[in-house]
**Q** 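Here it is, the structure, as structure tokens.
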2 protein chains.
Amino acid sequence: MTAPTPVETQLRDAGLKATRTRIAVVAALRDLGGHQTADEVSTALAANDAVVSRATVFNALDDLTRAGLVMVADAGPGATRYEWADRWHHHFVCTSCGAISDVACPEDSPRCVDAPGVEGTVDDVQVIFRGTCSSCIGPGAETT
Amino acid sequence: MTAPTPVETQLRDAGLKATRTRIAVVAALRDLGGHQTADEVSTALAANDAVVSRATVFNALDDLTRAGLVMVADAGPGATRYEWADRWHHHFVCTSCGAISDVACPEDSPRCVDAPGVEGTVDDVQVIFRGTCSSCIGPGAETT
DNA sequence: GCTTCACTTAGACTATGTCTAGTTTAGACA
DNA sequence: TGTCTAAACTAGACATAGTCTAAGTGAAGC
């Protein structure tokens with residue numbers, strides 16, 4: 001018997017079972033890095049001999065998000081993108097090429113921006129910066 | 001011949017034709033208020049005897065967004081929500097009931113939050129506050 | 001070892017958004 | 001005012017994302 005990994009501990013702390021699938025999903029997101037769709041996660045799992053059904057991937061990502069192990073990277077319409085919740089940060093979306101990059105959160109905290117006049121409790125704040133990334137501005141920029 | 005409305009002027013300024021459909025879409029969003037899906041806009045147009053195809057609604061909303069007449073209210077997965085771009089603001093999403101409400105932007109500007117370390121140009125910043133709204137906190141709260 | 005219940009599965013289903021080719025129309029210009 | 005052209009609109013097929021359901025599986029508590 002080996003000691004539980006931090007992922008297993010965090011899952012149990014969130015009242016969830018530390019199943020093979022969930023651990024594999026976290027590992028896949030950590031290994032892949034960046035911002036992956038549910039479909040990309042599913043493909044990565046399959047490549048690691050851990051074939052899981054679509055519904056299970058969605059369920060697992062949803063559970064892991066609530067457990068704080070996975071972050072949703074909102075980038076507008078299209079497939080929802082997930083990433084390993086290493087540290088709290090925001091996102092920059094290039095409106096030209098669609099690339100998503102991380103933007104460091106100065107306070108590394110889900111409550112980094114003040115919410116004036118919100119009637120309710122704020123759990124976290126996601127900031128999305130939209131614009132044109134340096135590679136699209138530079139010479140040979142895509143003009144889609 | 002009547003003088004062009006502000007909507008018509010803004011469309012032409014953006015290099016777009018001021019068609020009946022586009023004007024009707026803006027009017028529908030303004031009249032409905034709040035955050036509407038493409039489907040809801042389509043239904044509202046149909047109710048006003050302005051039946052348009054789904055593709056046209058998506059095209060029109062896309063064009064109007066680029067013209068600055070319509071704002072996209074990102075609220076995570078699900079249908080994209082649009083609203084009349086009255087003034088720049090952010091959004092509060094209740095994770096319990098899914099309601100979206102506007103949060104005044106202190107600076108009323110698309111560049112209200114600093115983007116530290118972004119490699120590129122930032123055109124606008126959208127802040128999404130997530131939490132529980134007052135009606136879900138209070139007695140008789142929904143527990144969906 | 002037994003029991004319970006959360007988790008997983010397959011796949012049908014719904015919702016959302018895109019694409020294409022032909023038709024219509026707004027707006028420029030003579 | 002009439003004509004022309006490119007942009008906009010249409011219908012509907014298609015693609016993709018996400019949800020739902022019912023039955024099977026297995027982890028964890030007793």
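Chain A is the first sequence line, chain B the second, and so forth, proteins listed ahead of strands; every chain is numbered from 1. This one's a predicted model, so the numbers in the text were calculated from it and none came from an experiment.
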**Q** Could you tell me the separation between the CD1 atom of B:Ile23 and the C1' atom of D:dA8, rounded to a whole number of Å?
**A**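 Going from CD1 in B:Ile23 over to C1' in D:dA8 covers 13 Å.
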**Q** Distance-only, no hydrogens or angles: does the B:Thr43 side chain make a donor-acceptor pair with backbone N or O of B:Asp39 under 3.5 Å?
**A** yes
**Q** Could you tell me the separation between the CG atom of A:Asp62 and the P atom of C:dT8, rounded to a whole number of Å?
**A**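 It works out to 12 Å between those atoms.
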**Q** Look at the side chain of B:Arg22 and the backbone N and O of B:Leu64, then say whether any donor-acceptor pair between them is shorter than 3.5 Å.
**A** no
**Q** Tell me the interatomic distance from B:Arg22, atom CZ, to C:dG27, atom C1', rounded to whole angstroms.
**A**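 Those two atoms, CZ and C1', are 13 Å apart.
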**Q** Using a 3.5 Å distance criterion without hydrogens, assess whether the side chain of B:Thr95 forms a donor-acceptor pair with backbone atoms of B:Gly131.
**A**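 Judged by distance alone, yes, a pair lies under 3.5 Å.
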**Q** How close or far is atom P of D:dA27 from atom CG of A:Leu11, stated in whole angstroms?
**A**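 Distance, rounded to whole Å: 15 Å.
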**Q** State which of C:dT8, C:dT9, D:dA17 makes the closest approach to the side chain of A:Thr21.
**A**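 Given the options C:dT8, C:dT9, D:dA17, the side chain of A:Thr21 is closest to C:dT8.
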**Q** Looking at B:Thr56, I'd like to know whether one of its side-chain N or O atoms comes within less than 4.0 Å of OP1 or OP2 on D:dT10.
**A** yes
**Q** Side-chain N or O of A:Thr19 versus OP1/OP2 of D:dG26: is the shortest distance under 4.0 Å?
**A**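 Looking at the OP1 and OP2 atoms of D:dG26, neither is under 4.0 Å from any side-chain N or O of A:Thr19.
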**Q** From the set C:dT18, D:dA28, D:dA7, return the single nucleotide nearest to any side-chain atom of A:Arg12.
**A**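 Nearest to the side-chain atoms of A:Arg12, counting from C-beta on, is D:dA28.
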**Q** What is the distance, rounded to the nearest whole Å, between atom CZ of A:Arg66 and atom P of C:dC7?
**A** 9 Å
**Q** For B:Val51, report the nucleic acid contact type (base, sugar-phosphate, nothing); a contact means any heavy atom under 4.0 Å.
**A**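 B:Val51: backbone/sugar contact only, no base atoms under 4.0 Å.
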**Q** For a quick check of understanding: with a heavy-atom distance under 4.0 Å over all strands, which category does B:Ala18 fall into, base, sugar-phosphate or nothing?
**A** sugar-phosphate
**Q** Please state how far atom CG in B:Asp63 lies from atom C1' in C:dA26, giving the value in whole angstrom units.
**A** 14 Å
**Q** From the list D:dT10, D:dA6, C:dT18, which nucleotide is the closest neighbour of the side chain of B:Lys17?
**A**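 The nucleotide sitting nearest to the side chain is D:dA6.
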**Q** Using only side-chain N and O atoms of A:Arg20, determine if any of them is under 4.0 Å from OP1 or OP2 of D:dG26.
**A**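 Indeed not, no polar side-chain atom of A:Arg20 lies that close.
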**Q** Quick check for you: to the nearest 0.5 Å, what is the distance between B:Asn59 atom CG and B:Ser53 atom OG?
**A** 8.0 Å
**Q** At less than 4.0 Å, is any side-chain N or O atom of A:Arg54 found next to OP1 or OP2 of D:dG18? Yes or no.
**A**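 So the side-chain polar atoms of A:Arg54 never come under 4.0 Å of the phosphate oxygens OP1 or OP2 of D:dG18.
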**Q** For B:Leu61 and C:dT16, what is the distance between atoms CG and C1' respectively, to the nearest whole Å?
**A** 13 Å
**Q** Quick one: closest heavy-atom pair of A:Leu69 and A:Trp84, and the distance?
**A**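 Nearest heavy atoms, A:Leu69 then A:Trp84: O-CD1, 3.4 Å.
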**Q** On DNA chain C, nearest-nucleotide positions of B:Asp39 versus A:Leu16: which is more 5'?
**A** A:Leu16
**Q** Does OP1 or OP2 of C:dT8 have a side-chain N or O of A:Ser53 closer than 4.0 Å?
**A**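 Negative; the distance criterion is not met.
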**Q** Measuring from the side chain of B:Ala55 (C-beta onward, heavy atoms only), which nucleotide among D:dG18, D:dG12, C:dG17 has the closest atom?
**A**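 Of the candidates, D:dG12 comes closest.
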